[in-house]
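Before any comments, here is the structure.
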Amino acid sequence: MPDIDDRLRNFVDFLGTQPMAPELTYDEVARSRSRAELGISSLNILILVNSYIEQRANGRIALRPEWVPMLEDIDGILSVIEEIDASAPAEV
């Protein structure tokens, strides 16, 4: 399991590649507790997670309903991303 710094860097790096994501630094994300503090709407976090799934798993897994409430806070977002990474099929 990656440590919190690696998980945060992964998330911040991913956000930097997404046109609908606000420009955020590692420190800004590390200090925040919620997606709302980061200026990410509930719709945009769903779009971002879907984009992450497309990028990391080529869409071979789907957004899970049980993830939605987890996407309110940073720890939950990082957990969802970690779960996506763990569930993504290995590259062949």
Side-chain angles (χ1 to χ4, degrees):
M1 176 161 145
D3 69 14
I4 189 72
D5 287 339
D6 290 340
R7 292 168 52 197
L8 273 173
R9 285 191 199 293
N10 179 46
F11 179 57
V12 172
D13 289 347
F14 172 73
L15 288 176
T17 69
Q18 300 304 299
M20 85 292 290
E23 289 186 31
L24 297 165
T25 66
Y26 173 86
D27 290 333
E28 290 170 323
V29 176
R31 285 192 308 266
S32 298
R33 292 193 162 293
S34 71
R35 64 151 181 81
E37 286 179 42
L38 298 176
I40 301 173
S41 71
S42 55
L43 176 59
N44 274 356
I45 195 64
L46 294 173
I47 293 168
L48 288 167
V49 169
N50 195 55
S51 294
Y52 191 85
I53 290 169
E54 288 296 321
Q55 184 178 75
R56 300 295 170 118
N58 294 324
R60 290 179 281 190
I61 60 175
L63 182 66
R64 298 180 183 156
E66 63 268 20
W67 290 344
V68 174
M70 296 171 67
L71 298 173
E72 292 298 316
D73 63 63
I74 301 304
D75 289 336
I77 293 167
L78 297 179
S79 293
V80 167
I81 286 176
E82 188 172 9
E83 194 171 332
I84 292 166
D85 287 342
S87 298
E91 293 293 322
V92 224

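The figures here come from the full heavy-atom set of this structure, side chains too, leaving out hydrogens, waters and symmetry mates. Since the model is a prediction, treat every value here as computed from it, not as a measurement. Residue indices begin at 1 and follow the sequence shown.
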Count the heavy atoms of every other residue, nucleotide or ligand shown that sit under 6.0 Å from CD of Glu66, and state whether that count exceeds 12. yes

Using 0.5 Å steps for rounding, measure from the CD atom of Gln55 to the CD1 atom of Ile53. 11.5 Å

Do the non-hydrogen side-chain atoms of Ile77 and Ile40 ever get within less than 4.5 Å of each other? no

In Å, rounded to the nearest 0.5 Å, how long is the span from CG of Leu78 to CG of Leu71? 10.5 Å

Verify the distance criterion only: is there a donor paired with an acceptor across the side chains of Tyr26 and Asp13 at less than 3.5 Å? no

If you measure from the Lys or Arg side-chain nitrogens to the Asp or Glu carboxylate oxygens, is any gap between Arg31 and Glu37 under 4.0 Å? no

Check: Thr25 and Glu28 side chains under 4.5 Å, non-hydrogen atoms: yes

Which heavy atom of Leu38 sits nearest to which heavy atom of Val29, and what is that distance? CD2-CA, 3.9 Å

Contact between Phe14 and Ser51 at the side-chain level, heavy atoms closer than 4.5 Å - yes or no? yes

Leu24 side chain near Val12 side chain, heavy-atom distance below 4.5 Å: no

Treating Arg60 as the side-chain partner and Ala57 as the backbone partner, does any N or O pair qualify as donor plus acceptor under 3.5 Å? yes

Look at atom CZ of Arg33 and say whether more than 12 heavy atoms of other residues, nucleotides or ligands are closer to it than 6.0 Å. no

Keeping Ser87 on the side-chain end and Ile84 on the backbone end, is there a donor-acceptor pair under 3.5 Å? no

Locate the shortest heavy-atom distance separating Gly39 from Pro22; write the atom from each residue and the value. O-CG, 4.2 Å

Report yes if the side chains of Asp85 and Asn10 come closer than 4.5 Å at any heavy-atom pair, otherwise no. yes

Is there a donor-acceptor pair closer than 3.5 Å between any side-chain N or O of Gln18 and the backbone N or O of Leu15? no

Distance-minimising heavy-atom pair for Pro65 and Pro69: O-CD, 3.6 Å

On a heavy-atom basis, which atom in Ala21 and which in Leu48 lie closest, and how many Å separate them? CB-CD2, 4.1 Å

Go through the steps for Asp75 and Met70 under the test side-chain contact (heavy atoms from CB on, under 4.5 Å), then give the verdict. CA-CA 8 Å; Asp75 289 336; Met70 296 171 67; over 6 Å; no

Measure the shortest side-chain to side-chain distance between Ile47 and Met20 over non-hydrogen atoms and say whether it is less than 4.5 angstrom. yes

Under 3.5 Å: donor-acceptor pair, side chain of Arg35, backbone of Glu72: no

